[in-house]
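One structure below.
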Amino acid sequence: MSKIRTALWLVALLIILSSCGQKFSGISWNFLDRNKLEVRETNFEYFSGKAKINYKDDEHDIKAKANIRIRKDSVIWISFSAIGIQGARCLIDKDSITIINLVKKEYYVFNYDSLSKRFNFDINFEAIQSVALGNLIKAKDRNDEVEQNDDFFILKQRSGNVLIQNFVSPKTMKIERVEMLEPDSKNTAVIRYYDYQMVEDQAFPYSAIISLFYKANAGTLNTVIEFEYNKAEIETKELKFPFSIPKKYERK
């Protein structure tokens, strides 16, 4: 897997990891004022979960299990395994994204500036965490537009060259679908969240699917990632985030 493909896979995966939302009912809106359209935020200090992941593109069909830990506004830690063997670890903090391949004894480090230039989108820890928590990637501003159809409020935004449409449920006031388009390249990403279940007083979508269409040397490619939680907990105790790179590992 090339470095660019690894970066794309990683960013796509991070968009759905640990996605969660707070469920509310009985809310009625009869206006289209972006300043009054309040997407419900998720609030916790520590989160842990276990999930199954299926990644598929033109060359790979990978199934893996993931253990996830989050300290809000600080760090996201992920450990991947397949057939009972730990294969990789990933650490996302405010400075960078680091992934270690424990099988090949190598590691990658991605800084947010290079990723932002690559995908024509402002990628940073706050953006990753916001999407992961089902919150708005971009804060509302006066240039946003709000429309309504039979099922959703649609908050339309722009971040650089990327057009974003957030589909917000009028019952839960949570984002159920996000569509992103980069008009020049025609690259697109669609994220869908399913199967909301209560974890204490928070509602988590235990299933999610992300579909990517993007241009590469081989033409337009499609990547699909399916994600399903089998355990999700809001922790009351401090979690640890073990992460170190052995000296013999090679940086790629």
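Worth knowing before you read on, the calculation uses all heavy atoms, side chains too, and leaves out hydrogens, waters and symmetry mates.
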Do Ser116 and Asp113 have side-chain atoms, one donor and one acceptor, less than 3.5 Å apart?
no
Using side-chain heavy atoms (C-beta onward) and a distance below 4.5 Å, is Asn222 in contact with Asp57?
no
Going by the ring pair (Phe, Tyr, Trp, His ring centres under 6.0 Å) test, which pairs reach into residues 170-191, not counting sequence neighbours?
none
Set of residues satisfying side-chain hydrogen bond (donor to acceptor under 3.5 Å, both in side chains) with respect to Glu235, sequence neighbours excluded
Ser48
Residues that Tyr112 engages under ring-ring contact (aromatic ring centres under 6.0 Å, His included), provided they are two or more places apart:
none
Who passes side-chain hydrogen bond (donor to acceptor under 3.5 Å, both in side chains) against Asn230, sequence neighbours left out?
none
Do Gln157 and Asp144 have a side chain donor and acceptor closer than 3.5 Å?
yes
Among residues at least two apart in sequence or on other chains, which ones pass side-chain hydrogen bond (donor to acceptor under 3.5 Å, both in side chains) with Asp151?
none
Any residue meeting side-chain contact (heavy atoms from CB on, under 4.5 Å) with Asp95, in chain and number order, not counting sequence neighbours:
Asp93
For Asp61, all residues meeting salt bridge (charged side-chain N to carboxylate O under 4.0 Å, His left out), sequence neighbours excluded:
Lys63
Those residues that, when tested against Lys52, pass salt bridge (charged side-chain N to carboxylate O under 4.0 Å, His left out) (two or more places apart):
none
Residues two or more places apart in sequence or in another chain: which of them pass side-chain hydrogen bond (donor to acceptor under 3.5 Å, both in side chains) with Lys65?
none
Does the side chain of Phe125 come within less than 4.5 Å of Ile76's, by heavy atoms?
yes
The criterion is salt bridge (charged side-chain N to carboxylate O under 4.0 Å, His left out); which residues satisfy it with Lys72, sequence neighbours excluded?
none
Tyr229 and Phe227 aromatic ring geometry - parallel, tilted or perpendicular at 30°/60° bounds:
perpendicular
Linking Ile, Leu, Val, Met, Phe, Trp and Tyr through side-chain heavy atoms less than 4.5 Å apart, which residues share a cluster with Phe167?
Phe152, Ile154
Sorted by chain and number, sequence neighbours left out, salt bridge (charged side-chain N to carboxylate O under 4.0 Å, His left out) with Glu179 holds for Arg177
Taking side chain as C-beta onward, heavy atoms only, is Arg69 less than 4.5 Å from Val75?
no
Do Lys156 and Glu147 sit within salt-bridge range, that is, some charged N less than 4.0 Å from a carboxylate O?
yes
Can you check whether Ile175 reaches Leu136 side chain to side chain, under 4.5 Å on heavy atoms?
yes
